[in-house]
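Comments concern the structure below.
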Amino acid sequence: MTAKDHMARAEHLPNAERFARALLEWYDTHRRDLPWRGTRDPYAIWVSEIMLQQTQVARVAEYFARWMARFPTVQALAEASLDDVLKLWEGLGYYSRARNLHKAAKVIVEERQGRFPRTAAEWQKLPGVGPYTAAAIASIAFGEPVAALDGNLKRVLARVCLVETPINTPEGTRLLHDIAQALVPSQRAGDWNQALMDVGAEICTPRSPRCLLCPVQTHCAAAAHQRQHDLPRRRARGKRPHYLVTAALIWNEAGQLLIAQRPHDKMLGGLWEFPGGKCEAGETLDACLRREIREELGIEIEVGEHLTTVEHAYTHFSITLHAFHCRYVGGEPQALGVADWRWVFPDELDAFAWPSTDAKIIATLRAAQLTAESED
DNA sequence: CAAACGTGGTC
DNA sequence: TGACCAAGTTT
């Protein structure tokens with residue numbers, strides 16, 4: 001389907017000039033005061049946009065200041081180690097964002113002499129920068145009139161234009177992109193994008209939209225037809241599987257723990273963990289753990305006392321993770337199914353970047369150690 | 001293109 | 001409690 005066909009189906013396209021005027025007027029007095037606003041530094045805007053992918057503003061705010069203090073320039077980031085980068089990203093999720101941000105910083109410094117792209121098309125060539133992020137940076141930092149179609153714009157414009165197509169489909173995305181691009185003004189495109197994001201975050205929310213406060217309510221077809229509660233439509237996603245998983249706290253005679261780094265091209269890539277893995281059908285936790293450790297590290301262990309159980313939901317599946325104290329029996333560890341491994345004392349654990357499940361195991365371990373000490 | 005990719009908060 | 005959601009990108 002062509003862009004023109006899409007537009008023909010958007011019967012409720014508002015007048016672009018009046019829509020933009022109402023939106024920007026509201027933005028001038030109601031804009032949120034966010035840490036990455038008020039700068040035109042492409043690096044700061046880029047970092048914020050990568051952090052904001054699928055992540056709420058309040059959460060990013062916790063990480064952004066710390067990041068900018070540690071890596072204030074693209075040169076500082078390019079010179080950093082991936083381990084340091086992941087440690088600062090720890091807990092934010094979607095770690096390929098951090099790996100790609102680091103990779104792209106090296107490209108900018110080493111191949112572009114430290115010069116940032118100026119257009120969305122150029123930005124999108126960098127790893128981790130897709131259509132949304134490229135448009136956001138180009139419009140905010142360089143004033144390019146391109147629509148930055150994020151979840152907020154999709155929701156707001158689906159309501160304003162009464163879009164019935166599910167917004168989480170390629171077709172819905174194409175349609176909404178065409179609508180957004182038809183509406184974005186040639187001046188102040190960055191403010192226009194951010195204004196729509198603010199409206200989406202604070203007024204045109206997924207449930208209970210506050211239409212009475214909305215600056216574009218008079219332009220909104222959904223509000224006119226009382227459809228704001230059943231738009232936008234989404235295609236339901238399937239049910240996610242649940243897995244039983246084990247993790248081993250393998251102690252050697254020196255009182256050190258064996259930790260492993262996850263493969264860089266896999267989920268949670270580059271983060272460290274207590275090794276283990278998914279239980280197979282009919283397998284006991286004990287057998288699962290010994291098998292996984294043999295497969296990933298080529299060593300033999302003895303499974304001991306149960307430490308804790310962690311329930312966790314990822315995007316596409318959930319797990320029940322059983323962590324056990326284990327005794328190192330023999331064999332020289334090898335990086336068979338892991339990127340790296342290390343023997344470390346418990347007080348050295350904080351230097352590594354952990355997935356949230358393993359962070360919970362460490363917290364339990366610390367609590368148990370404190371209890372043991374107070375009993376001495 | 002569908003599926004993979006994190007986490008914490010909300011209803 | 002479980003399903004949904006949040007400034008998406010990559011393969």
Side-chain angles (χ1 to χ4, degrees), chain A residues 31-32 34-37 45-64 86 89-101 103-104 123-140 147-156 166-174 176-177 180 190 192-202 204-208 232-242 262-271 273 310-320 353-360:
Chain A
R31 60 185 289 171
R32 287 179 291 176
L34 304 175
W36 45 90
R37 287 187 175 167
I45 292 168
W46 172 37
V47 169
S48 74
E49 289 301 341
I50 299 296
M51 286 187 171
L52 284 160
Q53 290 169 7
Q54 298 288 284
T55 309
Q56 290 176 337
V57 162
R59 189 145 182 75
V60 169
E62 302 169 19
Y63 284 80
F64 179 76
L86 288 172
W89 201 272
E90 183 182 33
L92 249 195
Y94 284 144
Y95 297 92
S96 67
R97 293 183 295 172
R99 296 194 300 270
N100 283 332
L101 190 56
K103 198 185 299 176
W123 272 102
Q124 204 176 328
K125 293 178 182 171
L126 292 171
V129 179
Y132 160 75
T133 305
I137 300 170
S139 66
I140 295 169
L149 189 68
D150 75 330
N152 288 303
L153 270 76
K154 279 186 168 182
R155 183 175 59 255
V156 175
I167 65 168
N168 60 339
T169 62
E171 189 192 350
T173 299
R174 280 193 296 271
L176 286 160
H177 179 267
W192 187 89
N193 282 323
Q194 294 180 90
L196 232 28
M197 292 180 209
D198 281 14
V199 167
E202 304 200 309
C204 197
T205 50
R207 332 167 229 241
S208 316
R233 294 190 188 189
R234 293 176 166 280
R235 189 135 81 195
R237 21 170 218 206
K239 229 179 118 176
R240 276 104 61 202
H242 184 90
R262 297 181 57 86
H264 292 283
D265 58 344
K266 290 200 175 155
M267 182 176 172
L268 301 165
L271 273 65
E273 68 177 0
V310 179
E311 299 285 345
H312 191 72
Y314 296 100
T315 308
H316 285 277
F317 61 94
S318 58
I319 61 167
T320 301
W354 304 91
S356 82
T357 48
D358 292 80
K360 283 176 188 164

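Computed from a predicted model, the values in this text were never measured in an experiment. All chains are named by letter (A, B, ...) in the order of the sequence lines, taking the proteins before the strands, and each is independently numbered beginning at 1.
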statement: Checking B/dC1, C/dA3, C/dA7 against the side chain of A/Lys239 (C-beta onward), the nearest is C/dA3
message: Classify the ring geometry of A/Trp46 against A/Trp123: parallel below 30°, tilted from 30° to 60°, perpendicular beyond 60°.
response: tilted
Backbone of A/Ile167 reached by a side-chain donor or acceptor of A/Arg234 within 3.5 Å: no
- prompt: Taking the P atom of each, how far is B/dG8 from C/dT9, in whole Å?
  reply: 23 Å
query: Does a donor on one side chain and an acceptor on the other come within less than 3.5 Å for A/Glu311 and A/Thr320?
result: yes
- prompt: For the atom pair OH (A/Tyr314) and NE2 (A/His316), what is the distance rounded to the nearest 0.5 Å?
  reply: 13.5 Å
message: Looking at the base of C/dG8, is there any donor atom on it, or on the side chain of A/Thr133, that sits under 3.5 Å from an acceptor on the other one?
response: no
- prompt: Between C/dA7 and B/dT10, how far is it from one P atom to the other, in whole Å?
  reply: 15 Å
query: What residues in residues 123-131 of chain A put a non-hydrogen atom under 4.0 Å from any atom of DNA chain B?
result: none
message: Pick the closest DNA chain B nucleotide for A/Pro170 and for A/Trp354 by heavy atoms, then say which residue is nearer the 5' end.
response: A/Pro170
query: Between atom CG in A/Asn168 and atom P in C/dT9, what is the gap in whole Å?
result: 16 Å
- request: Check every strand shown and say whether A/Ser356 touches a base, only sugar-phosphate, or nothing at a heavy-atom separation below 4.0 Å.
  value: sugar-phosphate
- prompt: Nearest to the side chain of A/Arg59, which nucleotide is it out of B/dG8, C/dC5, B/dC5?
  reply: B/dG8
- prompt: What is the distance from CG of A/Leu92 to P of B/dG8, rounded to the nearest Å?
  reply: 10 Å
task: Please state whether the base of C/dG2 and the side chain of A/Ser318 form at least one donor-acceptor pair under 3.5 Å?
output: no
field: Nearest-Å distance for atom pair CD/C1', residues A/Gln53 and C/dA7
entry: 8 Å
- request: By nearest nucleotide on DNA chain C, pick out whichever of A/Asn152 and A/Gly238 is the more 5' one.
  value: A/Gly238
message: Return the CG to CD distance between A/Leu92 and A/Glu62, rounded to the nearest 0.5 Å.
response: 8.5 Å
message: If I take atom CE in residue A/Met197 and atom P in nucleotide C/dC5, what distance separates them, rounded to the nearest angstrom?
response: 19 Å
- prompt: Would you say C/dG8 has OP1 or OP2 under 4.0 Å from some side-chain N or O of A/Thr55?
  reply: no
query: OP1, OP2 of B/dT7 versus side-chain N and O of A/Arg97: anything below 4.0 Å?
result: no
task: Quote, to the nearest angstrom, the P distance that separates B/dC1 from C/dA6.
output: 22 Å
query: When you check the side-chain N and O atoms of A/Arg240 and A/Thr315, is any donor under 3.5 Å from an acceptor?
result: no
- line: Taken to the nearest whole Å, CZ/A/Arg262 to P/B/dG6 is 9 Å
field: Atom pair distance, as rounded to whole Å: OH in A/Tyr63 and C1' in B/dG6
entry: 10 Å
query: How many angstroms lie between CG in A/Asn193 and CD1 in A/Ile137, if you round to the nearest 0.5 Å?
result: 12.0 Å
message: Under 4.0 Å, heavy atoms only, any strand: does A/Leu196 hit a base, just the sugar-phosphate, or nothing?
response: nothing
Interatomic distance, A/His312 NE2 vs B/dT7 C1' [rounded to whole Å]: 6 Å
message: Any base atoms under 4.0 Å from A/Ala313, or only sugar-phosphate, or nothing? Heavy atoms, all strands.
response: base
- prompt: Judged by atom type as modelled, is there a donor-acceptor pair below 3.5 Å linking the side chain of A/Thr205 to the main-chain atoms of A/Ala201?
  reply: no
message: Can you see if the side chain of A/Arg234 gets near the phosphate of C/dC5 - specifically, an N or O under 4.0 Å from OP1 or OP2?
response: yes
Grab the N/O contacts between the protein and nucleotides 9-11 of chain B below 3.5 Å, and write none if there aren't any.
none

- request: Check if the side chain of A/Arg32 and the base of C/dA7 share a donor-acceptor pair of N or O atoms closer than 3.5 Å.
  value: yes
query: Taking atom types as they are modelled, is there a donor-acceptor pair under 3.5 Å from the base of B/dA4 to the side chain of A/His316?
result: yes
query: Just to confirm, is there a sub-4.0 Å distance from OP1 or OP2 of C/dA6 to any side-chain nitrogen or oxygen of A/Arg155?
result: yes
message: I'd like to know if the side chain of A/Arg97 pairs up with that of A/Asn100 as donor and acceptor (distance under 3.5 Å, no hydrogens or angles considered).
response: no
message: Under 4.0 Å, heavy atoms only, any strand: does A/Trp36 hit a base, just the sugar-phosphate, or nothing?
response: base
task: Rounded off to whole Å, could you give me the CG-to-P distance for the A/Leu52 and C/dG8 pair?
output: 8 Å
task: In plain terms, say whether A/Asp198 and A/Arg37 are close enough for a salt bridge, that is, a side-chain N and a carboxylate O under 4.0 Å apart.
output: yes
query: Within the structure shown, what part of the strands sits under 4.0 Å from A/Gly91 by heavy-atom distance: base, sugar-phosphate, or nothing?
result: sugar-phosphate
query: Would you say the side chain of A/His177 lies within less than 4.5 Å of the side chain of A/Arg174, judging by non-hydrogen atoms?
result: no
- request: Ignoring hydrogens and angles, answer whether the base of B/dG6 and the side-chain atoms of A/Tyr94 contain a donor-acceptor pair closer than 3.5 Å.
  value: yes
A/Glu49 and A/Tyr132: side chain donor to acceptor below 3.5 Å: yes
